[in-house]
Amino acid sequence: MSSRGAALAPQARTRAGARDLPWWIALCGLCVTLLAPLFVVDVPPLLDYPNHLARAFILDSLPQDAVLAQFYAPHWSIIPNLALDLILPPLIHVLPVHIAGRLVIAVAVLLPVCGSVAYNSALGGRWWSLGVGLIAYNDCLLLGFLNFSIALGLALLLAAGWLRWREEHPGPAIILAIAGALALFACHLMGLVFFGALIGGAELLRLHQLWRLDIARPDIPRPDIPRPGIACPGIARPDVARLGIARSGAAQCGVARPDTGCSGIARAGIVRGSVLLLIFAGPAALYALSALQQLGGDAEFLPFGEKLQQLVTTFVNYNWPLDVATAAVAFALPALCVLLRWGRVPGPAAYAMTLLLITFLLAPYAWKGTYLLDTRLAVMLGFMLFAGFVPTCIPRMLGFVATVVLALIFLVRMALLISVWTDRRSDLVDLRRVLQSVHPGQAVYLAEAGIEERPDYWRANPRRRALSDGTRTDEHLGALVLIEHRAYWPFAFDNPSQQPIETREPYRTLAGRVGHIPTWSETAVADVCGFNDVLLMEADALPDLPPERFRLLARSGFAALYAVTACHPPG
């Protein structure tokens, strides 16, 4: 480099850093705003979250806690759903349980956001990816699917590394992908599926590029596939750019190799396919050894119309018109830009989104004891709207208007979410007030106001207890009986194919007898032998339980607690 070039290089880096500063400030502001709701309530209203937190509390407490040891035992095995069980118990050991839980929620919120930004940057994008904040609090996160959310973010980060390093540094990229695939298997199996679609799409694109250059357009000199340790200056070649070949590093060398034609493409396909098999061989072997592999025959499919509706319900929050508007903007802006050639979906993302869409259309709603499988695929597609689209030449005015609209929608959604989560505190106060008389070692039955039982109540949609599509978010709050009072409650997640704990007898029989969470009318005539108390939730919508069987101990708004005085049902 000349002395003049050496002198200009630091200045160029300084100017680039100055241009990047607003983007970094915006990214940090986005992350801080997304974390704000976690400071307003100690038990956020994520449906499954209290149950997961209770299991982590159990795993940290066993075996030294003799009270919990009479209810539960650890049951570790090969389970593709362990992120919380591996992360939360060590945190609970050194931090208060509700602080540890919210730290993990923060990871589940931010990791997909950072993964989307990293993946979009690897494609050449920048500002558009910050719109991912619109979907950070998506349907699956608000349902408490934290393992899935963590796996989704990790998959995006690993895929971003694959796009950046696969061609120029294949060895480290493959090693990272192998380790990442094993980590994704441990986090959540659907994250592994997402990762497979992301890197599988990138590999399919590369083979398609080779085919177009060698077969469809033999008149165009074939760019060399970069080899490890070899680099060359970038060459701006319009013919190569038109076909979608990467414009950086060795991919622009334009060196013809003798290994061309159908045989060369077949050989490249075998090599790249073998690499993918190597990456996923470990997770495949673990899956074959897991209890999940032995399950089956229970697939459930939604009607096609309801399946497509899930592409919108991905954006579900607490106001249905706002959720529909958010989905419309998130889909319409990229579609308009692609149609008018103001933006593009780069090849790796286009192939990945095609694979995800096909899988979404074919996937069941439930299978092997896991529900909302196709919903999770819809969430992946929702994140790809921001991770996989790159604006190129959007008119300045449209770009300004789009930025303002996206920012306003994001701020309104976050303000609404914070308001709802703040209201949740009153339910927690009521619940904790009535649970004061519960002692360690007791068994607490749980009942609730059923949707069919109190339709007017649920039609009013008390937002702190339900999402905008009517999905309840308070059903697992009874887990506080265990977390804060070390008492037994019969609805802990203890499926041996999905969780590393098991319920001991006679409590397993008790839980099996209860089955689902009963309504008020079911509880009034239920066999509650073996239980000391009954916790009634949504008590503000219900009368007292029959006094000849249940003695009221405490009632406070959302919750009521009864002592069991006659456990057998009438007659």
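Along the sequence shown, residues carry numbers from 1. Values in this document were obtained by computation on a predicted structure and should not be read as measured data.
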**Asked** With a 4.5 Å limit on heavy-atom distance, are the side chains of Arg413 and Thr326 in contact?
**Response** yes
Tightest non-hydrogen contact, residues Asp60 and Ile92, listed as OD2-CG2, 3.7 Å
In short, Thr519 meets Ala447 closest at the heavy-atom pair O-CB, 4.3 Å
Of all heavy-atom pairs linking Trp489 and Ala54, the shortest is CZ3-CB, 4.2 Å
For Pro346 and Gly388 the tightest heavy-atom approach is CD-O, 3.3 Å
request  = Using a 4.5 Å cut-off on heavy atoms from C-beta on, say whether the side chain of Trp128 contacts that of Pro334.
outcome  = yes
Inset, instruction - For the residue pair Leu59 and Pro500, establish whether any side-chain heavy-atom pair is separated by less than 4.5 Å. - result: yes
Residue pair Gln309 / Thr313, side-chain donor-acceptor N/O under 3.5 Å
no
State whether a side-chain donor-acceptor pair under 3.5 Å links Asn147 with Asn81. yes
**Item:** Working for side-chain contact (heavy atoms from CB on, under 4.5 Å), residues Leu311 and Phe331
**Value:** CA-CA 10 Å; Leu311 295 173; Phe331 281 105; 4.3 Å; yes
Of all heavy-atom pairs linking Arg454 and Ala449, the shortest is CG-CB, 4.5 Å
- Task: Would you check, one step at a time, whether the test side-chain contact (heavy atoms from CB on, under 4.5 Å) holds for Phe195 with Leu156?
- Result: CA-CA 7 Å; Phe195 181 53; Leu156 284 165; over 6 Å; no
(message) Any heavy-atom pair between the side chains of Ile58 and Leu62 that's under 4.5 Å?
(response) yes
Indicate the ring-plane relationship of Phe148 and His188, choosing parallel, tilted or perpendicular according to the 30° and 60° boundaries.
perpendicular
In terms of heavy-atom contacts, Gly530 and Leu510 come closest through O-CD1, 3.8 Å
| In terms of side-chain geometry, is the basic nitrogen of Arg472 or Glu538 positioned less than 4.0 Å from the acidic oxygen of its partner? | yes
By salt bridge (charged side-chain N to carboxylate O under 4.0 Å, His left out), Asp469 pairs with (sequence neighbours left out) none
(Q) In the structure I gave you, are the side-chain heavy atoms of Phe185 and Leu189 within less than 4.5 Å of one another anywhere? (A) yes
* Do Arg513 and Arg508 touch side chain to side chain, with heavy atoms closer than 4.5 Å? -> no
- Indicate yes or no: at least one non-hydrogen side-chain atom of Leu111 is less than 4.5 angstrom from one of Leu157. yes
Self-check item: Pair Glu522, His516: side-chain N/O donor-acceptor within cut-off below 3.5 Å
Solution: yes
Determine yes or no for a side-chain-to-main-chain donor-acceptor pair under 3.5 angstrom, with Asp42 supplying the side chain and His98 the backbone.
no
Is it true that Glu203 and Trp162 share a donor-acceptor pair across their side chains at a distance under 3.5 Å? yes
Think Arg504 forms a cation-pi with Tyr72, using NZ or CZ under 6.0 Å from the six-ring centre and within 45 degrees of its axis?
-> no
Practice item. Ignoring hydrogens and angles, tell me if any N or O in the side chain of Ser116 forms a donor-acceptor pair with the backbone of Pro112 under 3.5 Å. Key: yes
Q. Do His476 and Tyr49 have ring centres separated by under 6.0 Å?
A. no
Would you say Phe389 and Leu123 make side-chain contact, with heavy atoms under 4.5 Å? no
Should Tyr365 and Leu373 be marked as a side-chain contact (heavy atoms from CB on, under 4.5 Å) after you check the CA-CA gap, both sets of side-chain angles, and the distance that decides it?
CA-CA 5 Å; Tyr365 170 79; Leu373 290 174; over 6 Å; no
With a 3.5 Å cut-off and no angle check, do the side chains of Ser521 and Glu453 form a donor-acceptor pair?
yes
Inset, instruction - Run the ring-centre check on Trp421 versus Tyr137 and record whether the distance is less than 6.0 Å. - result: yes
Look only at the side chain of Thr509 and the backbone of Glu505, and say whether a donor-acceptor pair between them is shorter than 3.5 Å.
no
Q: Count the heavy atoms belonging to other residues, nucleotides or ligands that lie under 6.0 Å from CH2 of Trp165, then report whether that count exceeds 12.
A: no
Hey, is Arg55 close enough to Asp494 for a salt bridge, meaning N to O under 4.0 Å? no
Using a strict threshold of under 4.0 Å (side-chain N to carboxylate O), is an ion pair present between Glu300 and Lys307?
no
>> Apply side-chain contact (heavy atoms from CB on, under 4.5 Å) to residues Phe57 and Leu53 and explain how you reach the verdict.
In response: CA-CA 6 Å; Phe57 180 77; Leu53 188 65; 5.8 Å; no
Per ring-ring contact (aromatic ring centres under 6.0 Å, His included), Tyr507 is matched among Tyr488, Phe531, Phe491 by Tyr488
